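Accompanying notes for the structure given below.
A note on names: the letters A, B, ... follow the listed sequences, proteins ahead of strands, and every chain is numbered from 1. It should be emphasised that the depicted structure is a prediction, and the values quoted were computed from it without experimental measurement.
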Protein chains: 2
Amino acid sequence: MSKVKLKDVAEKAGVSKSTVSQYLNKRYEFMGKETRKRIEKVIEDLRYQPNEVARSLKIKKTNTIGVIVANILHPFSTYVSRGVEDYCQQRGYNVILCNADNDSNKEKSYIEMLQMKQVDGIIIAATGKNNDLIYREREKGFPIVLFDRYFDDVEVDMVLSDNYQGAFQAVEHLIKMGHKNIALVAPEGHLLSMRKLRIDGYYGALKKYNIPIDESYVKFVTTENLTNQLNDLFRQDHVPTAVFTVNDLMTIEVLTYLKENNIKVPDEMAVVVFDDLPMASLLEAPLTVVAQPTYEIGTTSARMLIERIESKVKPKHEQKILPCQLIVRQSCGFRKNAEANENIPALNA
Amino acid sequence: MSKVKLKDVAEKAGVSKSTVSQYLNKRYEFMGKETRKRIEKVIEDLRYQPNEVARSLKIKKTNTIGVIVANILHPFSTYVSRGVEDYCQQRGYNVILCNADNDSNKEKSYIEMLQMKQVDGIIIAATGKNNDLIYREREKGFPIVLFDRYFDDVEVDMVLSDNYQGAFQAVEHLIKMGHKNIALVAPEGHLLSMRKLRIDGYYGALKKYNIPIDESYVKFVTTENLTNQLNDLFRQDHVPTAVFTVNDLMTIEVLTYLKENNIKVPDEMAVVVFDDLPMASLLEAPLTVVAQPTYEIGTTSARMLIERIESKVKPKHEQKILPCQLIVRQSCGFRKNAEANENIPALNA
DNA sequence: AAACGTTACTAAAACGATTTAGTAATAACT
DNA sequence: AGTTATTACTAAATCGTTTTAGTAACGTTT
């Protein structure tokens with residue numbers, strides 16, 4: 001029982017394949033009203049479904065895009081994906097989702113695979129190790145949008161959230177709550193550009209308020225040295241009164257550490273973190289977070305990509321920076337009557 | 001600057017298209033060693049990438065499968081997807097991910113779209129309103145695997161987790177901790193089969209231990225009547241001492257309610273929930289949960305689907321039921337020295 | 001009545017691969 | 001020497017669409 005194809009419809013309706021094809025493409029002006037009805041009926045009866053693969057081959061367009069995320073288990077990727085999906089669905093595109101796992105080989109092979117599949121474009125949170133490939137494709141006119149990571153050596157469309165501003169705001173808020181001894185916990189290793197901006201935001205806020213930088217408050221941790229580093233941080237002579245964590249992995253580690261060591265948030269330690277977490281509001285002390293506009297990053301990337309795909313010009317690349325939002329809950333030591341502090345002038349300025 | 005195609009490679013290498021094609025399909029026995037080297041080099045030089053769309057058309061196989069989940073924002077879907085992705089990647093398949101949002105129209109149009117795209121098979125958490133369609137496709141020999149939801153009217157491969165056992169265990173655990181007044185919170189509305197099993201598990205455990213059923217402890221809530229229902233539940237004369245929530249949405253609502261009303265978990269109210277949550281261990285009282293084997297549901301579904309795709313026989317449908325796992329943390333009122341209770345015999349039996 | 005436009009179609013050539021059937025040249029066997 | 005096998009290829013058909021160029025029939029101008 002093989003699939004019914006255009007030819008079958010044509011034969012049963014007593015017309016040529018061309019006419020059926022015109023019908024499928026809604027160019028009804030090329031056929032009589034009778035014929036049109038007839039074709040319609042036959043398609044219905046036969047439950048005919050056009051073969052998109054054949055169509056794609058002919059028209060050289062698949063109406064499919066590829067999305068390469070770091071890890072679909074990560075809420076950030078998940079929300080971005082959903083944004084992409086929703087926007088694409090509405091514009092008639094499908095999305096092939098790929099997990100690169102921050103592995104540049106996997107990333108490369110996904111890019112190549114997607115191209116062999118003739119996707120119309122790619123949205124990618126790039127590792128940064130395939131920039132040459134990406135740049136080359138871009139030069140050939142292949143639509144690509146980068147998100148989440150910034151690379152100034154590759155001229156391509158990007159959509160980012162304002163990491164500096166977000167981090168700055170978070171730390172500024174802590175300062176306005178009266179904190180001066182503010183720690184930073186970040187993952188070690190070659191600093192992915194965006195993470196660097198968050199660290200810069202931390203320094204920037206301290207600087208603005210003339211708070212001297214204490215390097216013993218700045219910890220770059222790895223999975224191995226994590227406990228040691230946190231011990232160093234929280235068990236030194238003059239412990240910080242607040243911590244800022246630059247991503248949700250760090251957040252979970254720090255929170256776990258504090259819980260295990262019975263350090264009360266926010267009374268003994270205020271916490272402000274980068275990236276909202278689904279359950280952030282149900283924690284013992286609901287977390288104050290700087291939330292990225294994840295869903296919008298997705299829709300915006302998709303919009304930019306589809307624009308590129310559908311307009312056949314190749315304009316200069318575009319960068320879109322979306323603002324982050326500080327969501328004040330309780331882990332920063334917020335208390336009802338502390339609201340007034342929000343408007344105090346810079347402390348030492 | 002158009003793409004380089006098979007023909008270009010053939011010309012430059014001075015052979016026919018057929019030979020290049022044989023090369024691409026690794027049938028090296030059909031060409032001389034010289035020729036083989038030459039083709040290899042030309043492909044390298046030209047950066048030739050085969051067009052998978054053309055290939056798919058010819059061989060009638062896309063090496064792509066479709067996955068339709070309820071909502072990618074939901075951790076359950078996310079972990080399943082990841083399982084599917086990982087398994088497929090390793091077997092050389094790609095996955096198109098779709099969100100049906102529990103909307104049967106969306107679901108239907110996704111199924112149709114995926115078929116037009118000629119995917120080799122579909123993995124789907126079905127809404128249950130397109131069972132006729134699914135059954136028809138299955139009959140035609142189109143590979144489909146259902147997961148997460150059980151329908152006895154459709155003869156198709158399924159992979160499920162043992163919802164009854166999971167719920168039973170959760171409630172049994174509560175009973176073993178000494179609770180007798182155990183409430184159930186579930187979403188109202190036509191009971192999706194799996195959810196029903198969880199409810200049955202609740203009743204089953206009560207029955208086994210001869211605990212009389214108090215219907216005022218069983219609440220089916222909607223978004224509208226939520227607060228009223230929870231008020232009824234927690235403010236009645238003899239309040240329950242424990243609650244079991246059947247999914248994570250309910251969990252969040254109940255936890256939020258308890259927090260707002262300052263009811264302490266687990267001292268004033270023990271809580272055991274269905275579905276693990278990413279931050280469950282960081283909550284004020286780390287949650288005791290029954291966790292579904294989400295990742296395995298994904299890999300198993302993918303494995304079953306690919307088996308169906310690659311063996312061209314159509315055996316009787318298969319149902320795989322994976323066990324859930326009770327993860328005891330603290331919200332159930334667990335205390336170090338309560339462990340002994342685990343082994344007491346059924347209380348009233 | 002010749003010329004031109006419309007209307008309602010169709011035949012055939014793509015799209016870029018795979019595959020089948022065939023062939024020419026050489027080697028091996030009887 | 002004649003037959004058969006093997007090696008190393010190629011030509012052409014095919015997959016299921018879209019699209020271009022063409023045409024036959026009829027109506028409308030001039």
- Query: Between A:T78 and A:V69, is any pair of side-chain heavy atoms under 4.5 Å apart?
  - Reply: no

- d(CG, B:D8; C1', C:dA17) in whole Å: 13 Å

- Side chains of B:I65 and B:I309 in contact at under 4.5 Å (non-hydrogen atoms): yes

- Option passing salt bridge (charged side-chain N to carboxylate O under 4.0 Å, His left out) with A:D157 (candidates A:K316, A:R308, A:R303): A:R308

- Message: Within the 3.5 Å criterion, strictly below it, is a donor on A:N25 or A:R55 matched to an acceptor on the partner's side chain?
- Response: yes

- Are a donor atom and an acceptor atom from the side chains of A:R136 and A:N131 found within less than 3.5 Å of each other? no

- What is the per-nucleotide protein-contact pattern of nucleotides 15-25 of chain D, from the 5' end, where B denotes a base atom under 4.0 Å from a protein heavy atom, S denotes such proximity for sugar-phosphate atoms only, and - denotes neither? BBBBB------

- B:R36 and B:Q22, any side-chain heavy atoms less than 4.5 Å apart: no

- Task: Verify, without hydrogens or angle tests, whether B:N99 (side chain) and B:I72 (backbone) share a donor-acceptor contact under 3.5 angstrom.
- Result: yes

- Query: Contact class for B:V53 vs. all strands (heavy atom < 4.0 Å): base, sugar-phosphate, or nothing?
  - Reply: nothing

- Where along residues 30-43 of chain B does a heavy atom come under 4.0 Å from DNA chain D, residue by residue in number order? B:F30, B:M31, B:G32, B:T35

Using nucleotides 23-27 of chain C, report all nitrogen or oxygen pairs with the protein that are shorter than 3.5 Å.
none

